[in-house]
Every structure is written in C-alpha cells, then in structure tokens.
J.: 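What follows is a structure written as structure tokens; I'll ask about it next.
Model, not experiment: these values are computed from the prediction. Per chain, numbering begins at 1; letters A, B, ... match sequence-line order.
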Amino acid sequence: MVVSEISQKKKMRFRKTLLAWYQEHGRDLPWRKTDDPYHVLVSEIMLQQTQVDRVIPKYREFLEKYPDIKTLAEAPQEDITATWKPLGYNIRPVRLHSIAREVQETYGGKIPDTPEDLEKLKGIGKYTAGAVSCFGYRKPVPLVDTNVDRVLQRVFFGNPASQTTKEDKVVWELARALVPKKNAYDYNQALMDFGAIVCTARKPLCLLCPMQAFCSAYPVSS
DNA sequence: TTCCAGAGTA
DNA sequence: TACTCCGGAA
C-alpha cells in the first residue's frame, strides 16, 4: 500500500470524522498561548518525550522567568538549565538557549514560520518544526509524533504490530496528503488528541471509535 | 518492562 | 537504522 493508492474518499472521510470527534471531545491546550510562537516553541521543546502534566507548572515558571525570546537569549545558560530541572533530557534547555540566541542574531528576534527554516535550528526536529509552524503561525503543514504515527498507521495501513509497519517517510507523506489547507490547526490538534484519548497505544477505545467503519486495523486486540 | 506531544549522533 | 538522553506512570 502506497500513499498515492489511498482513495480521496477515505482521506476525506477520515478528516471529516476526526473533526467531528474533535468538536465533541477535543481538549484544547488552554494553558498555552498559541498566538505567540515563542510560547509554542518553549512548550513544544518541553513536551518532547515529557508528559503534559509535568510540563504545565514548569512551562509557567519558565515563561515567568523568561517572558520573551530576547530575555531567554541573554540569560545565563546555568540559570536556564537550573530552571529546567527536573524535566529530564537536560540537553534541551541548552539547545533552547542556543535557539533563542540564533533567532536573535540570524532572524532579528522573529522565530521562523516555516518547517524548513525551523529545522535548521539544532534542537528542533521534524515534529517540533511542524508544531511551531502550525500551532504558532497557523500554517497548513503536516506534523507526526508517536500519536499521529500510530493513528495513521492503524487507520490507513493496518495494525502496526503486524508486518505492515511503514517507514517514517511514508507516514509523513501520508500526513502531508491529509492536512487540510483551511483549518490545519484544529485538524492537527484533533489528530494528536485523538491518538492520546481514543487510539491509544495500549487498550485503544476501538469500541467507541468513530472510525471503526473504515479503519484498517479495527478492531485492535489488546 | 514499556511507553509517553523527539532529536542528535555515528 | 540503532543508540542515548531522562523521569515517571501503567
């Protein structure tokens, strides 16, 4: 199964079902100011491999101390690293600091809005680049994290536990083909929430899932 | 043990 | 592609 072989009908059905689910069950991230790319950047770096419940208090503390990218760029690295703890993966505050400095120097203090430019910054990979571009600037770009990866693999390729597991590249291609140009922000947020709430890694809620009629993995045995 | 809103390195 | 970084929950 290749991305180009997937019917437009299934893609449309997927998008429609996802957004309908999101209107009812979606949880936005009210703790995050999504109209400020700097806030999105900080939160997304914190969220790398780290649960949201642990991020929220630290995110608040961090932004109180470093309210904008200029303040962060000029702060001593030891302070930033100390503030970061105990979130873990302690190379992240070092890289976030270097990102802030580079944005100041190279981009005049404005965080880039395209995934291509964002990925040039060390510490920002494919996912975070997409997230900052979409959630910070509302660009219609794809983004794939482990939740999205799992949802797309199941719905379009079957249970990833089977041999049909697709490479990263294929999933990104599919994600790109699926992002709507209009409300990519809601779509991507919905996709991630759906993976976190319904299409979970363990014990997915297949019996409550609105996609069971066209999901290639339904029902996932757990 | 495995997994969770990953990314860099070899 | 595999390994490492980190902490906490299931």
J.: Per the side chain to side chain donor-acceptor pair (under 3.5 Å) rule, which among A/Q48, A/E119, A/E44 passes with A/T128?
T.: A/Q48

J.: Let me know the distance between CG of A/D149 and C1' of B/dA7, rounded to the nearest Å.
T.: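 To the nearest whole Å, that distance equals 15 Å.
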
J.: Tell me: CH2 of A/W84 to C1' of C/dG7, nearest whole Å?
T.: 13 Å

J.: On the ring face of A/W84, is A/K58 found with NZ or CZ under 6.0 Å from the centre and within 45° of the axis?
T.: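 Not flagged: A/K58 not positioned over aromatic ring of A/W84.
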
J.: Give the dot-bracket string for DNA chain C, reading 5' to 3', where a pair is Watson-Crick or G-U wobble with both distances under 3.5 Å, ( ) marks pairs inside the strand, [ ] marks pairs crossing earlier ones, | marks a partner on another strand, and . marks unpaired.
T.: |||||.||||

J.: Figure out the OH/P separation between A/Y89 and B/dT9, and round it to whole Å.
T.: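 It is 16 Å, rounded to the nearest whole Å.
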
J.: By the 4.0 Å heavy-atom rule, please label A/G195 as base, sugar-phosphate, or nothing.
T.: nothing

J.: Heavy atoms from C-beta onward define the side chain here; which of B/dC3, C/dG8, C/dC6 lies closest to that of A/R54?
T.: C/dG8

J.: Rounded to the Å, how far apart are A/L47 CG and C/dC6 P?
T.: 18 Å

J.: For A/K10 and A/F214, indicate whether the former's side chain and the latter's backbone hold a donor-acceptor pair under 3.5 Å.
T.: yes

J.: With C1' as the reference atom in both, quote the distance from C/dC6 to B/dC4 in angstrom, rounded to an integer.
T.: 12 Å

J.: Using atom P of each nucleotide, how far apart are B/dC3 and C/dC3 to the nearest Å?
T.: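 Their P atoms lie roughly 15 Å apart.
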
J.: The side chain of A/K122 is closest to which nucleotide in this list: B/dG8, B/dG6, C/dA10?
T.: B/dG8

J.: What's the verdict on ring-ring contact (aromatic ring centres under 6.0 Å, His included) for A/F14 and A/F156, showing C-alpha distance, side-chain angles and the deciding distance?
T.: CA-CA 9 Å; A/F14 175 78; A/F156 291 94; 5.1 Å; yes

J.: Which nucleotide sits closest to the side chain of A/Q48: B/dT2, B/dG6, B/dA5?
T.: B/dG6

J.: Taking the P atom of each, how far is B/dT1 from C/dC5, in whole Å?
T.: 16 Å

J.: Does the gap between the ring centers of A/F135 and A/Y185 come in under 6.0 Å?
T.: yes

J.: Is there a donor-acceptor pair under 3.5 Å between the side chain of A/Q212 and the backbone N or O of A/C206?
T.: yes

J.: Atom OH of A/Y127 to atom C1' of B/dA5: distance rounded to whole Å?
T.: 4 Å

J.: DNA chain B: A/L121 or A/Q51, which has the more 5' nearest nucleotide?
T.: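 It is A/Q51, whose closest nucleotide lies nearer the 5' terminus.
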
J.: Near A/K139 NZ, under 6.0 Å, is it more than 12 heavy atoms from other residues, nucleotides or ligands?
T.: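 Atom NZ in A/K139 is not crowded, with 12 or fewer foreign heavy atoms closer than 6.0 Å.
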
J.: Measure from CD on A/Q49 to C1' on C/dT4 and round the result to the nearest Å.
T.: 11 Å

J.: Taking only side-chain N and O atoms of A/T50, does any of them lie within less than 4.0 angstrom of OP1 or OP2 on C/dC6?
T.: no

J.: Reckon A/L143 touches a base, only the sugar-phosphate, or nothing at all at heavy-atom distances under 4.0 Å?
T.: nothing

J.: Rounded to the nearest angstrom, tell me the gap between atom CZ in A/R92 and atom P in C/dG7.
T.: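 Checked: the CZ to P distance equals 10 Å.
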
J.: With a 4.0 Å cut-off on N to O distance, would you call A/R176 and A/E173 a salt bridge?
T.: no

J.: Just the rounded figure in Å: distance from P of B/dA5 to CD1 of A/I56.
T.: 14 Å

J.: Looking at C/dA9, I'd like to know if its phosphate oxygens (OP1 or OP2) sit under 4.0 Å from a side-chain N or O belonging to A/R202.
T.: no

J.: Looking only at side-chain N and O atoms, does A/T128 come under 4.0 Å of OP1 or OP2 in B/dG6?
T.: no

